[in-house]
Amino acid sequence: MANNEDLFKNVVSHSKEYGFIFQSSEIYDGLSAVYDYGQNGAELKKNIRDYWWRSMVQMHENIVGIDAAIFMHPTTWKASGHVDAFNDPLIDNKDSKKRYRADVLIEDAVAKIEAKIAKEVEKAAKRFENFDEKMFRSTNPRVMEYQKKIEEINNRFKDAMEKNDLAEVRQIIVDLEVVCPVSGSRNWTEVRQFNLMFSTAMGSVSEDASVIYLRPETAQGIFVNFLNVQKTGRMKIPFGIAQTGKAFRNEIVARQFIFRMREFEQMEMQYFVKPGTEMEWYNKWKETRMKWHNALGFPETKYRFHDHIKLAHYANAACDIEFEFPFGFKELEGIHSRTDFDLKQHEQFSGKKLQYFDPELNQNYVPYVVETSIGLDRMFLAVLSQSYKEEKLEDGSSRVVLTLPPFLSPVKVAVLPLLNKDGLPEKATEIFNRLRFSQLCQMEEKDSIGKRYRRQDAIGTPYCLTIDHQTLEDNTVTIRERDTMKQDRIPVDKVNEIVNERVGIEKVLARL
RNA sequence: GCGGAAGUAGCUCAUUUGGUAGAGCAUCAGCCUUCCAAGCUGAGGGUGGCCGGUUCGAGCCCGGUCUUCCGCUCCA
């Protein structure tokens, strides 16, 4: 077996060769960190999404699903903290390659001057008996000089930020002779504004248009609809709202194939609970989500929890479920106890109450939230890289096979007439036409049977039905199993029943 | 974002010092064969990532740009 790096490369090229993933706008040289799903990828992705949706919504009577718009009122992102947190002016030191927030560098420089003042004050306090600090500060020429400088800097910086004049921000840093603490040099790049949110304009007339953002996460669509769903669905706490959908982040560095994309799909569920019970539910959902992963049948050692030590401003507990990708253990899913932060923020910014009346306690409260959030594209990559196998066969030949869990496979069954004559294609068509009502099937007549088997192996088709001369005599076909390559003969009448049972999602859901 | 490497047919790669691009596999058509990538015949497919420069002439030299990979950095 090739090493992990080669293996990953092979997975990437396999995804293109067999229609799973293409680079976006490839004929125009592509667009960095944006990918399209091809004919097989779209099916696999849809099946993974379906597995998540069914396990969340269909299997939990107190979880319902919604589909909120990508565009949201701009204030949403002020309330959520995305506008402030994602709007920092950044600058790099060219020698140390370190990146700093420009505003922090300036603040540090100001702090240094303030320290100088403090030193003067301290010295003076020692020198004079009846020291009047206030008087000293307002009369000492050196202190006044420093103080004036600080005000100048602050005003310049404020002006620059208001005008969004990044060149001026850089000039302030240059004028202050700020040096990089690591390299000690003053070799700075331009200041750049990194906003992780994509923005666009809404409104047909440009003067009236307002800036709106493409959502950087789907969660806010759930929070703003909390009361709508609770009231119209007559939901009682604890209950959950699930959603899958696209989110957009203008990542500075986006790499590793579809692991970090600028446009990606999240599958999120926000679970609303009574304050004080959140840790209980947090642990419950950790367990439930891990079960969901393990039900796929991949080795359990491929998954691990990673607890966050440094918590985001909104969370009081958080962890990731990490998966061992070919490039190492990386975050696949996040489970966060978000407290009442989001709902309270939206209450404050919207002026609307977002509270639940608890009939048992006979009182209103803002619920706490436990969130599970998984990246669909990452899940896709996890499934694909875990299923990709390069096998050496007994006869010395080799094959590439995707040992996908059958219910996730893009094509469930391939119907193959052994010969392209003698009435076999007609018989195959008949079987194919019955089976296609319940499963996505393919029928192939071209090329040798062995070649057709390998082609189906390469896209992870779990079963091949082969129609041979015996089929015409006793109405049986062979069913070939992808992983073992073993064949059984089964009656044509039983084909639908057997196939549906084996490739169905039901037995996987039953394991949850 | 910084540094390094790469980009030739769908894929993997050739094209010795600059002289108007080839192979295998794949694809398509036909024939033959039929249970794990068989064979034969034929066909299609490339403005050499893109733009510019040097040159009589550039896939090859130079500059820029885009994309990808590796390392660092960043990452709610």
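Letters go in sequence order (proteins before strands), and every chain restarts at 1.
Atom name P, nucleotides G53(B) and C72(B): the rounded distance is 40 Å, in whole Å. Comparing the P positions of A14(B) and A9(B) gives an interatomic distance of 12 Å, to the nearest angstrom. Remark: the separation of the C1' atoms in G19(B) and A23(B) is 22 Å, to the nearest Å. To the nearest whole angstrom, the two P atoms, one in G42(B) and one in G24(B), are 13 Å apart. Straight-line distance between the C1' atoms of U55(B) and U20(B): roughly 15 Å, to the nearest whole Å. For U68(B) and U8(B), the C1' atoms lie 16 Å apart once the distance is rounded to whole Å. Across C11(B) and U27(B), the matching C1' atoms stand 11 Å from one another, rounded to whole Å. A gap of 16 Å separates the P atoms of G63(B) and G7(B), to the nearest Å.
Both Asp447(A) and Arg454(A) lie close to RNA chain B; mapped to their nearest nucleotides by heavy-atom distance, the more 5′-ward contact belongs to Asp447(A). Along RNA chain B, the nucleotide nearest to Ile467(A) and the one nearest to Glu217(A) differ in position, and the one closer to the 5' end is contacted by Ile467(A).
Pair assignment for A26(B) gives none, since no Watson-Crick or G-U wobble pairing has each distance under 3.5 Å. In this entry C2(B) has G71(B) as its Watson-Crick or G-U wobble partner, both defining distances falling under 3.5 Å. When both distances must be under 3.5 Å, the Watson-Crick or G-U wobble mate of G52(B) is C62(B). Across all strands shown, A9(B) forms no Watson-Crick or G-U wobble pair with both distances under 3.5 Å. If you check C35(B) for Watson-Crick or wobble pairing at under 3.5 angstrom, you find it has no partner at all. Pair check for G44(B) finds none; no Watson-Crick or G-U wobble contact set falls under 3.5 Å.
Residue side chain Asp468(A) reaches the base of C35(B) through a donor-acceptor N/O pair under 3.5 Å, judged by distance alone. Within 3.5 Å, a donor on the side chain of Arg480(A) pairs with an acceptor on the base of C36(B), or the reverse. With hydrogens and angles ignored, no donor-acceptor pair under 3.5 angstrom links the side chain of His336(A) to the base of A76(B). Judged by distance alone, with hydrogens and angles left aside, Arg260(A) brings a side-chain donor or acceptor within reach of the base of C75(B), the pair sitting under 3.5 Å.
Using cut-offs of 30° and 60° for the angle between ring planes, the His346(A) and Phe223(A) rings count as tilted.
Here Arg455(A) reaches the OP1 or OP2 of U27(B): one of its side-chain N or O atoms lies under 4.0 Å away. Residue Gln23(A) has a polar side-chain atom (N or O) positioned under 4.0 Å from OP1 or OP2 of U68(B). Close to C28(B), at under 4.0 Å from its OP1 or OP2, lies no side-chain N or O of Lys446(A). Residue Lys451(A) has a polar side-chain atom (N or O) positioned under 4.0 Å from OP1 or OP2 of A38(B). Phosphate proximity of G10(B) to Lys16(A): absent, as no side-chain N or O sits under 4.0 Å from OP1 or OP2. When the side-chain nitrogen and oxygen atoms of Lys421(A) are compared with OP1 and OP2 of U33(B), one or more of them lie within a distance under 4.0 Å. The side chain of Ser448(A) contributes no N or O atom lying less than 4.0 Å from OP1 or OP2 of U34(B).
Between Lys486(A) and Glu481(A) there is no salt bridge, since none of the side-chain N atoms of the basic residue sits less than 4.0 Å from a carboxylate O of the acidic one. At a threshold of 4.0 Å, the pair Asp468(A)-Lys427(A) does not count as salt-bridged, since none of the basic side-chain nitrogens sits closer than that to a carboxylate oxygen. Salt bridge present: Asp457(A) and Arg480(A) bring a charged side-chain N and a carboxylate O closer than 4.0 Å. Under 4.0 Å is where a charged nitrogen must lie from a carboxylate oxygen, and between Asp320(A) and Arg304(A) no such pair does. Lys352(A) and Glu347(A) are not joined by a salt bridge, as no carboxylate oxygen comes within less than 4.0 angstrom of a charged side-chain nitrogen.
Computed from coordinates, the Gln470(A) CD to U34(B) P distance equals 17 Å when rounded to whole Å. Atom OH of Tyr18(A) and atom P of A37(B) are 13 Å apart (whole Å).
Judged by distance alone, the side chain of Arg262(A) and the main-chain N or O of Arg249(A) form no donor-acceptor pair under 3.5 Å.
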